[in-house]
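What follows is a set of notes on a single structure, which appears directly below.
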Amino acid sequence: METTGLTPAERRVLEAFPLGEGVDFRRSDDEDPERGGSWGPERTLRADVLRELLLDGPVREGRIAGLKVTGARITGRLDLKYGTVGHPVRLRSCHFEEPPDLYGAQVGALVLSDSALPGLTAGNLRAEGVVRITCCRFTGPVRLQGAKLAGAFFANGARLGRPGEVPEEPVLQLNHAEVGTDVWAPGLVAHGRVHLNGAVVRNQVNLDDAELTAPGQTALHAEVLTVGTDLHAMRLRVRGRVNLGGARIPRQLNLAHARLSHPGGQALRASSAVIGELWLRDAAPIEGSVNLRRARLDLVHVPPEVWPPEVATDGLTYRALTPHLPAAQRLELLEREPAGYLPQPYEQLATAYRAVGDDAAARTVQLARLRRHRRTLPPYARVWGCVQDAAVGYGFRPMRAAGWLLMLLCTGTVAFALHHPPALKPSEAPAFNPLVYALDLLLPIVDFGQQGAFAPRGWYQWLSYLLIATGWVLATTIAAGVTRSLSRQ
């Protein structure tokens, strides 16, 4: 590269480059790069000089060259579009007057930590090492769509966008990017949308303590995101929608202590997602609706008070719910389905209770399903449903049938004790016993010889018909309940 016309600051960088040594222009460790526009020529570097150095800089045998600059003001645009940079690029605590352009470039590593930039264009970037924007302040978009990073992407503590503004363009764009290890962004602050649509992250995404603000819009847009292990977002604060539709998170989506707020819209969408464990432990009540339609989860750890008034669960499947709660506390969620009554969520909840051996809770869920379904039926069917419910709890309360059976037995015994039915063949009939006669009418299988020997008349005959009919129904219900209990054991 040409070495004439360089400023003293640029010459310092040129001399350090082939040795891989760093140049620190800072006067103190607590300088604010956002105020770097006032830094003088003694710490100003032209972007064109840095470009020539990176693409055609001197190297020294036995040393690893690299650009390592701290606390510089960089004027002009650092244009490395489609360039191949075989050296690490480390520009820490620097002030950039224009957004660097690394579209389609190939670099060893890119480190911009603690710098202030008006944006970054690095779509389709190829990086053999890490890309680090830790604690950077960006007033414009960070474009990394389609990037392929062999290492991690670090954005912990970064601040994107301007407070109080939501720009039309997403402030962070990792659409269809491939990250070899982690997306590490705890403490990220984004005033605008963050896009991870179609991204592939081989290990985990960490958004612990992040703040994403895009009121009325999708703050985190991560449809069909594929994560190798976990998506951690503990204490996440979101104003806007979180869209994880179709995402693949095999281990844990951890939203413990999170606060999701999108009033009047969807606060969380995870429809058709495949997630190992969904955690919303100790989270604030969600403001806005939740869409979990057709999602598949192994474990759901969400306290009932976290769910909003509207939760779509049609087609949702899961294996376990924690903590283990009475069915009544879980059933309330199924009433929040915006589509109205759907049988599948009830069947799924009953299956989950049976899987942990809580058959009583499973029966409670099934009974609630039938009662909810009854509200959708025409009036005559609702009346018959109420009769079934009151009599035997739709068959899920078999001991209630025993109570009705005992009451009818007492009624029949008293009635026939007061009025003995005449014998069909007086000379052959056994001695009449009102208790045994009523029992003979009620029990469809057992024959004590009383029913066939006596024939009541008038309304007593209709009473006998009633006892026979109800006896069949109630005895069958009791037998079914006993059979179900024995089969469970």
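FYI, the numbering just counts along the sequence from 1.
For Asp182 (side chain) and Trp184 (main-chain N/O), no donor-acceptor pair under 3.5 Å exists by modelled atom type. With hydrogens and angles disregarded, no donor-acceptor distance shorter than 3.5 Å links the side chain of Asp208 to the backbone of Ala210. Under a 3.5 Å cut-off, the side chain of Glu337 and the backbone N or O of Thr313 do form a donor-acceptor pair. Side chain of Ser115 to backbone of Leu91: a donor-acceptor contact under 3.5 angstrom is found. Side chain of Gln173 to main chain of Leu144: no donor-acceptor pair is present (N/O by atom type, distance under 3.5 Å, no hydrogens or angles). Formation of a donor-acceptor pair under 3.5 Å by the Glu223 side chain with backbone atoms of Gly246 is not found in this model. A donor-acceptor pair under 3.5 Å is formed between the side chain of Arg63 and the backbone N or O of Leu19. For the pair Arg43 (side chain) and Gly71 (backbone), a donor-acceptor distance under 3.5 Å is present. A donor-acceptor contact shorter than 3.5 Å is absent between the side chain of His232 and the backbone of Asn206. No donor-acceptor distance shorter than 3.5 angstrom exists from the side chain of Lys81 to the backbone of Gly104, with no hydrogens or angles considered.
If you check the side chains of Thr121 and Asp101, you find no donor sitting under 3.5 Å from an acceptor. Inspection of the Thr218 and Arg241 side chains reveals an N or O donor paired with an N or O acceptor under 3.5 Å. For the 3.5 Å distance criterion, the side chains of Tyr103 and Asn124 qualify, holding a donor opposite an acceptor. For the residue pair His176 / Asn197, no side-chain donor-acceptor distance below 3.5 Å is found, with atom types taken as modelled. Trp279 and Glu277 share a donor-acceptor pair across their side chains, judged by distance under 3.5 Å alone. Side-chain atoms of Gln106 and Glu128 include no donor-acceptor pair closer than 3.5 Å.
Figure legend: cation-pi geometry between Arg372 and Tyr341 absent, as NZ or CZ is not positioned both under 6.0 Å from the six-membered ring centre and within 45° of its axis. Remark: Arg12 is positioned above the aromatic ring of Phe25, its terminal NZ or CZ atom under 6.0 angstrom from the ring centre and at most 45 degrees off the axis.
Between Asp48 and Leu50 there is no side-chain heavy-atom pair separated by less than 4.5 Å. Counting only heavy atoms from C-beta outward, the side chains of Arg269 and Gln266 approach each other to under 4.5 Å. Counting heavy atoms from C-beta on, the side chains of Val69 and Leu67 come closer than 4.5 Å. For the pair His87 and Phe17, the minimum side-chain heavy-atom distance is below 4.5 Å. Two residues are said to be in side-chain contact when any heavy atoms from C-beta on lie closer than 4.5 Å; Val200 and Val179 fail this criterion. With a 4.5 Å cut-off on side-chain heavy atoms, Phe153 and Leu172 count as touching.
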For Arg26 and Asp24: C-alpha separation, side-chain torsions, deciding distance, then whether salt bridge (Lys or Arg N to Asp or Glu O under 4.0 Å) applies.
CA-CA 6 Å; Arg26 292 177 300 175; Asp24 191 346; 3.0 Å; yes

Check the pair Arg159, Glu34 against salt bridge (Lys or Arg N to Asp or Glu O under 4.0 Å), reporting the backbone distance first and the verdict last.
CA-CA 12 Å; Arg159 300 207 308 265; Glu34 287 189 290; 3.6 Å; yes

Between Ser272 and Arg294, is a side chain to side chain donor-acceptor pair (under 3.5 Å) present by the stated rule, with each step listed?
CA-CA 5 Å; Ser272 302; Arg294 301 174 303 280; 3.3 Å; yes

Can you check side chain to side chain contact (heavy atoms under 4.5 Å, CB included) on Leu120 and Leu102, steps first, answer last?
CA-CA 8 Å; Leu120 173 64; Leu102 287 84; 4.1 Å; yes

Any chance you could lay out the salt bridge (Lys or Arg N to Asp or Glu O under 4.0 Å) test for Asp209 and Arg235, step after step, and finish with the verdict?
CA-CA 5 Å; Asp209 300 294; Arg235 299 170 298 279; 2.7 Å; yes

Walk me through it: do Glu42 and Arg27 pass the test salt bridge (Lys or Arg N to Asp or Glu O under 4.0 Å)?
CA-CA 11 Å; Glu42 72 282 359; Arg27 295 174 182 171; 2.6 Å; yes

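Rounding to the nearest 0.5 angstrom, the gap separating the CG atom in Leu268 from the CG atom in Leu253 is 7.5 Å. Annotation: the span from Cys136 atom SG to Leu112 atom CG amounts to 5.5 Å, rounded to 0.5 Å. The line from CZ of Arg132 to CG of Asp114 is 10.0 Å long, rounded to the nearest 0.5 Å. Atom CG of Leu244 and atom CD1 of Ile275 lie 6.5 Å apart (nearest 0.5 Å). Here the NE2 atom belonging to His262 is positioned 13.5 Å from the CD1 atom belonging to Ile286, to the nearest 0.5 angstrom. Note that the CG atom of Leu207 and the CG atom of Leu220 stand 6.5 Å from one another [nearest 0.5 Å].
Taking 4.0 Å as the cut-off between side-chain N and carboxylate O, Lys148 and Glu178 count as a salt-bridged pair. Salt bridge status for Arg73 with Glu97: present, with a side-chain N to carboxylate O gap under 4.0 Å. Taking the charged nitrogens against the carboxylate oxygens, Arg251 and Asp230 do have a contact shorter than 4.0 Å, which makes a salt bridge. Salt bridge annotation for Asp79-Arg77: absent, with no cationic side-chain nitrogen under 4.0 angstrom from a carboxylate oxygen.
A 6.0 Å sphere centred on CZ of Arg259 holds no more than 12 heavy atoms belonging to other residues, nucleotides or ligands. Arg126 CZ: more than 12 foreign heavy atoms inside a 6.0 Å radius. Within a 6.0 Å radius of CZ in Arg137, other residues, nucleotides and ligands contribute more than 12 heavy atoms. Environment of CG in Leu377: crowded, with over 12 heavy atoms of neighbouring residues, nucleotides or ligands closer than 6.0 Å. Counted within 6.0 Å of CD on Glu169, heavy atoms from surrounding residues, nucleotides or ligands total more than 12; the atom is thus considered enclosed.
Screening Arg375, Arg330, Arg369 against Glu335 for a salt bridge (Lys or Arg N to Asp or Glu O under 4.0 Å) leaves a single residue, Arg375.
Using a 30° and 60° split on the angle between ring planes, His195 and His221 fall in the perpendicular class, above 60°.
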